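Written out below as structure tokens is the structure these notes cover.
This one's a predicted model, so the numbers in the text were calculated from it and none came from an experiment.
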Amino acid sequence: MNKGIGCKSAFVEIVFDKFNSPIQPDKHEVRVRRKIMRNKDQYLLNGIVISRKELASFLESAGLSVSSPYYIVKQGRINQLATASPSQLLQVLFDVTEIQLYKERSAQSLKCLQSTAADMEQMRADIEMLKKRREMLSKEKNLLEKYEALNKERRILECAILEKERSELIAENDRVKHGRIALEEKQQNLKSQRQIAQENVSDIKKKLHTIAKELEIEKQRSTELSKAHNALEKKSAILELKLADILEEQKREKELRDEVNETMNKLNSQIESGEEELQNISMQHALLSKGEAVLNERLAKLQQRRNELIDKLSRRTQFSSLNDRNHWIKAELKTIEEKIREKKNVLHQTMQKLEQNSTRLQAEKQLLEQHSTWCDELKLELDKRKINLNEMIAGRTHLRTVITELLNEESTLMVDLCSSKEKLSIVNGMLRKRIGKAAQIGCESVTKVLEMFRSEGISKQHIIDGYYGLVVDNVDCGDNISQALEVTAGGQLFYHIVESDHISSQLLQKFNERNMPGELHIMPLNRLASRTRQYPDDEDCTPLITMLRYDPRFERVFQHICGKTLVCDDLETATQKLQQYHFEYVTYEGDQVRSNGLMKGGHHKQRVPLSQLHRDRINISEKIISMESRLSSVSAMLADKKKDIDNCEQEILHLEMEIVKPRQQIEAARMKKQTILEKLQDIKHQITNDERMIKECRVNIELSDRRKECLTEEMQLDLAQEESSLCDEKEIQQLDEDIRELGQQIHDIFSERIQVELRQSKLDNLLRANLIRQRDELRKPVEESLFAKRIEKCRQEIDTLNTKSLAITEKKQKMEEIATFKAEEKKKIVQRLKASVEELKNVEEQLKQNEQALVPQATDMMSFEERIQQTTDMIACFGVLPAINQEYYNLSLPDLMKRLESTNNSLKRFGQINQKAMEELAKLSANIAHDEMCLEKLYAVKEELESTFCQLDRHQASFIESSFTKVNHNFITVRLNLQARDLATLVPRADTLTAGK
């Protein structure tokens, strides 16, 4: 304990069993303890702390003297006692029993009593002498009484006069004082009114500033909504114009479609009629050509027959002999056979050429069909690309609309974000004033620490799960007890709840490692004591904890914070309940009554509760986070939409470039088709020529065969047959007539065929170069479904814009109503501000007037108090006076002055009285009375001491008797033991007994 290690105190305790004490006779067991500590010692008697002196007197009263040397037997004392003589043993016995000590102290007390008796005798002598002196001085008693009566009356009159003046001064002073108190109360009231007025002015200015800001924000929002509404109306007007244009275009397309269909039907009917007429003309031309060929064949046969007959008649005259004729015929037959062979070769070549042209015709027809199919495919592809292009243009327009909306939304979000940040700074400032800057910064630092743990992965997840947030986040209450909760809990509302002290140590360790600012208060659930309190069943006081809503897991937290607090309606009820139940009390207005009787309260300025401020801060922070995320997403969407619109522009350019190529291909296909058609016409013309040549070749071969037959027959006839010549001449004449008729018919058929060919060529040219080309060149109108899709899409966009416009209009109306309400509230606040300022001015003027009035009152009060003090001092100089007669109080001050003057005149006759003797007599009387009283006290003390001495003698005798009884008993016991063992014998000695006695 001296080294300060471990032990702080130690004690020694003695227990006396069957301890007989005159002070505590009812105690059979007494415990005496000495507790030793570093700085001081304590003495305890049966657990009660007493002083050392009290303990010593207690032991002495029980027969255990501190000055006795035999309570502790030292080394060698036993031998001294064994070898001591009887007188020495008797002395030891007297020492042990403290009889010797008692005798010494008793002798001292008797000496003191004897000296006191001598003093008392001396005092009696002095008293007798003083009485004699008082008898000598009492002779002047009559004169002294008269003098004292007059002097007494004078003093009473002077005192009455002073009392009268003093009462008048006190009354005047009280009047001034009451006036000053009234003025001071009025001044205090005016100061409180001024403070209240200043607070009202400050609050009204704050409210005016807040409502002005809110009005400005509402105006900005209304302006933004107006801009958005105008933009939507502008977009709606643009879309309506676009819809009108689409409808107009649809109408034009419909008219064009009708016109194109009408023109197409007209062209188709013309082409069908022309093709039908061309087919009829072609059939007619074929019939005419066939008839002409037949007639030409007949004509050629008739002409050949005529020529043969003419040649035959001429050869009769030409040749003189049959041999010459036959020789010539044979030569002619050879020539004819050669011609026939040549004709057959030409016929064969022409037929091969006809087959080739027929093959070419089939190939060109297939190529024409392929080009027609390809052209149709190109047209379909061109239509698809046009549709894609229109869709891409519509998509680009939609993207531009979306970008405009996103830009408007971005600007609105930025304005709302700025206003929300301003509100957050205001709320943070209010919270900082209410809970302190360090606590607020600590809450923000804890959020950062939790983010650090969250970034470390799943290994720190138990810390994040074990953090339950702030106390204010985990409690909900009504608005009527928010003030009571705030006053009771105070800054504990912003303490942090965690699952265990391990999590709190981890948080604090990270907090200190990162040197995070702020202060941190943590409430581990496993360290909070679980308390169950018995609340009174009283309607006037309700436990605060029962009026809160929280998770049952946090029962310990709220028991710790507000478990011993009851809610009362008013302060008077709380003070009454404090006398019945030992709890702490709080009213709904925030006044507190502690369990020790301490009261705390006063005027609480109306302000937003801490829980509401914290919720507003959380909501605004979440709103800012959501707006920032939305702003970033809008910016990302804007970037994406800009990329999309750039891609759309590139795609539109690409589609426009791709549309040019199919058009060129369609034009090339049309030109190729025209070329193929021209080739087909040429091939058909060549086939016709080949067929005609084949017919001619066949007719020539037939005519050559006929002539050959005729020449062969002529070789069998004679030259001199006249009948045959006549017949030939007749036949020639007939043939000439037939040839003329055939020539006329051929001419007519040729003329008709030429006319038919002209009509055929004209009609073919009309069909191919005009009607069919017009039909092919007719623009295909836009499909109705595309217009329907565009119209539906445009109407949907218009409906969407109208819905947004209606929503914005409703929002704008609400904002205008709010702005109107706030403007009216602002007017009211301005009027209240003017009234408060005017009231403040009036209060300040009254304060100035009261201050000016208080100055002379203070001077008057000081002078009155000085005069009252002087009067009081003068009255105190009179000393003790008898009661003043009531008559003097009824007299006026001048009457009292007259009486005082007459009393002073009477006193002048007793000027020769020995005033010193009177004073000496008074002193002697006082001394005699005092000495007599002291003598009586001494007599009482003497009697008490004598009774005490008698009692002590009786105690001494009983104690000596009991001591000798114990010694005798012990001696007999020792003697018997020694005699039983033959170790000693008892030899009584008379001289020793006599000496001992």
Stepwise, does the side-chain contact (heavy atoms from CB on, under 4.5 Å) test hold for D748 with E752? CA-CA 6 Å; D748 294 338; E752 189 177 356; over 6 Å; no
**OP:** Assess whether side-chain contact (heavy atoms from CB on, under 4.5 Å) is satisfied between C648 and D644, documenting all intermediate values.
**Re:** CA-CA 6 Å; C648 190; D644 292 341; over 6 Å; no
>> Apply side-chain contact (heavy atoms from CB on, under 4.5 Å) to residues E409 and T412 and explain how you reach the verdict.
In response: CA-CA 5 Å; E409 185 179 0; T412 306; 5.6 Å; no
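Looking at S633, its side chain does come within 3.5 Å of a backbone N or O of R630 through a donor-acceptor pair.
Closest of all the heavy-atom pairs between D690 and T350 is O-CG2, 3.3 Å. Minimum interatomic distance between I694 and L354 (heavy atoms only, all atoms of both residues): CD1-CD2, 3.7 Å. Closest non-hydrogen pair, I683 versus N357, comes out as CG2-O, 3.2 Å. Heavy-atom minimum distance, E410 versus S635: OE2-OG, 3.5 Å.
Within 6.0 Å of atom CE in M693, 12 or fewer heavy atoms from other residues, nucleotides or ligands are found, so the atom counts as exposed in its surroundings.
Between the CG atom of L631 and the CG atom of L417 there is a distance of 6.5 Å, given to the nearest 0.5 Å. Distance CD1/I701 to CD/E342: 11.0 Å, rounded to 0.5 Å. Here the CD1 atom belonging to I754 is positioned 12.5 Å from the CD1 atom belonging to I749, to the nearest 0.5 angstrom. K344 contributes atom NZ, which lies 9.5 Å from atom CD of E337 (distance to the nearest 0.5 angstrom). Of the inter-residue distances, the one linking S632 atom OG with M637 atom CE reads 11.0 Å to the nearest 0.5 angstrom. Note: I403 CD1 to E405 CD = 10.5 Å, rounded to the nearest 0.5 Å.
Residues Q356 and T359 form no side-chain contact, since every pair of their non-hydrogen atoms from C-beta on lies 4.5 Å or further apart. Contact check for T373 versus E377: side-chain heavy atoms found under the 4.5 Å cut-off.
Electrostatic pairing of R396 and E651 does not count as a salt bridge here, judged by no charged N lying under 4.0 Å from a carboxylate O.
Inspection of the Q650 and H654 side chains reveals no N or O donor paired with an N or O acceptor under 3.5 Å.
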